Participant: 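Take a look at this one; I'll ask things after.
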Number of protein chains: 2
Amino acid sequence: MNLKHSKQRDSIKEFLATRKDHPTADVVYTNVRQSFPNISLGTVYRNLTLLADLGEIARVRVGDGVDHFDYDTSPHYHFICKKCGNVIDLDMPVTGQMAAEARESFNGKIEGQMTYFYGLCSNCTPKILYKEKESLKL
Amino acid sequence: MNLKHSKQRDSIKEFLATRKDHPTADVVYTNVRQSFPNISLGTVYRNLTLLADLGEIARVRVGDGVDHFDYDTSPHYHFICKKCGNVIDLDMPVTGQMAAEARESFNGKIEGQMTYFYGLCSNCTPKILYKEKESLKL
DNA sequence: TAATAAAATAGTAATAGTTACTAATATTTA
DNA sequence: TAAATATTAGTAACTATTACTATTTTATTA
């Protein structure tokens, strides 16, 4: 199956390139519709999957039940905010240390590892004011 | 909302206790039906979710699109086989090292970390026979 | 450039996993 | 035992995703 060029696919990739927030298929869909008003959701899914299979983008699964997509295919970790759901890149070196450790104790072939972090992002972290801090006797 | 005792819930928990292979809701359903022929799938889901919320069991998400459930709530890592889909416990110490490292470079509250490994389990690893090895000139 | 082959599309239907709803039942409390 | 309320079975609804199909686009070739 040889690839054929498609404006829709270009548009999907271009859109992803502009975003650092790992949009879902649905977000891609609503945005790309501004340039292609009758693009179908199926086309978006098909192309996201194709691009991910080609290694041109990355599919990011962070346990929220929805696939996210990332233009940045270099290895890096993600953080997902339990409150707002935002997926954020972490600036932290990726090592194969844990996988290496896992291989020691496992009788099979460990090909890779999936790791992400969760909690509250800086926007969703309650900001305790000085006076409140005082009254809490911190 | 105070809890009330339920035989179905007991049965679900008892079943989970007998298994080390992290069954899905559907597997729980088909098995518990042997003791409760008209238990409904909704009851299974509701109780699995409730038990997980109570911390009596653990919900395991390993990126295969289906939730698995684990009677063992002690912290441990999982391996998922890309071929047969089995979820296997790893006998490997759990440390907070990566999360600690992540906190250094992140401006928010990292509450936890999700890590699992994937590849081929020992059953699915191709076993190369001696003669085949010879002909492959290994 | 026109004809042909093949891939991609829009639109829609179907699927899987899970959650929500409701009337009836079971459990607990008084 | 009666009242209050959690739980259930059964079913409908929902969400994310994939599959299907007739039509359109893109690429190839004559």
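FYI, side chains are in, hydrogens and waters are out, and symmetry mates aren't considered; it's all heavy atoms of this structure. Every value quoted in this text rests on a predicted model; they were computed, and no experiment measured them. Numbers restart at 1 for each chain; the letters A, B, ... are given by sequence-line order, proteins then strands.
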Participant: Below the 4.0 Å mark, does dT7(D) have OP1 or OP2 next to a side-chain nitrogen or oxygen of Lys7(B)?
Facilitator: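 No, no such contact exists.
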Participant: How long is the line joining CG of Leu50(A) and C1' of dT17(D), in whole Å?
Facilitator: 16 Å
Participant: Might you point out which heavy atoms bring Ile57(A) and Leu48(A) nearest each other, and give the distance in Å?
Facilitator: CD1-O, 3.6 Å
Participant: Between Gln8(A) (CD) and dA10(C) (P), how many Å, whole number?
Facilitator: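 The distance from CD of Gln8(A) to P of dA10(C) comes to 5 Å, rounded to the nearest Å.
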Participant: If you compare all heavy atoms of Ala58(A) against all heavy atoms of Thr73(A), which two are closest, and at what distance to 0.1 Å?
Facilitator: N-CG2, 3.9 Å
Participant: Using a distance-only test with no angle check, is there a side-chain donor-acceptor pair under 3.5 angstrom linking His68(B) and Asp21(B)?
Facilitator: no
Participant: Using a cut-off of 4.0 Å on non-hydrogen atoms, how would the nucleic acid contact of Arg46(A) be classed: base, sugar-phosphate, or nothing?
Facilitator: base
Participant: Measure the distance from NZ on Lys4(A) to P on dT26(D) and round it to the nearest whole Å.
Facilitator: 10 Å
Participant: To the nearest angstrom, how far is His5(B) atom NE2 from dT29(C) atom P?
Facilitator: 13 Å
Participant: Are a donor atom and an acceptor atom from the side chains of Thr43(A) and Arg46(A) found within less than 3.5 Å of each other?
Facilitator: yes
Participant: Quick check on dA7(C): is either OP1 or OP2 less than 4.0 Å from any side-chain nitrogen or oxygen of Ser6(A)?
Facilitator: no
Participant: Should the pair His78(B) and His22(B) be assigned to parallel (<30°), tilted (30 to 60°) or perpendicular (>60°) ring geometry?
Facilitator: perpendicular
Participant: Would you give the length of the straight line joining atom CZ of Phe106(B) to atom CD of Glu101(B), rounded to the nearest 0.5 angstrom?
Facilitator: 15.0 Å
Participant: Can you check the Leu54(A) CG to dA7(C) P distance for me, whole Å?
Facilitator: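 Value for this atom pair: 14 Å.
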Participant: Asp10(A) CG to dT9(C) C1': how many Å, rounded?
Facilitator: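 Spelled out: CG on Asp10(A) to C1' on dT9(C) is 14 Å.
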Participant: Side chain of Asp67(A), heavy atoms from C-beta onward: which of dT17(D), dA27(D), dT18(C) has the nearest atom to it?
Facilitator: dT17(D)
Participant: Quick one: sort the Phe117(A) and Tyr77(A) rings into parallel, tilted or perpendicular, breaks at 30° and 60°.
Facilitator: perpendicular
Participant: Over how many whole Å does the gap from Phe69(B) atom CZ to dT18(C) atom C1' extend?
Facilitator: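 The distance from CZ of Phe69(B) to C1' of dT18(C) comes to 10 Å, rounded to the nearest Å.
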Participant: Are OP1 or OP2 of dT28(D) and a side-chain N or O of Asn2(A) less than 4.0 angstrom apart?
Facilitator: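 Checking dT28(D) against Asn2(A), no side-chain N or O comes under 4.0 Å of OP1 or OP2.
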Participant: Looking at residues 17-44 of chain B, who's got a heavy atom less than 4.0 Å off DNA chain D?
Facilitator: Asn38(B), Ile39(B), Ser40(B), Thr43(B)
Participant: Using the side-chain heavy atoms of Tyr45(A), tell me which of these nucleotides is nearest: dT9(C), dA9(D), dA16(D).
Facilitator: dA16(D)
Participant: Considering only side-chain heavy atoms of Val66(B), which listed nucleotide, dA16(D), dT27(C), dT18(C), is closest?
Facilitator: dT18(C)
Participant: Without decimals, in angstroms, what is the distance between Asn47(A) CG and dT18(D) C1'?
Facilitator: 14 Å
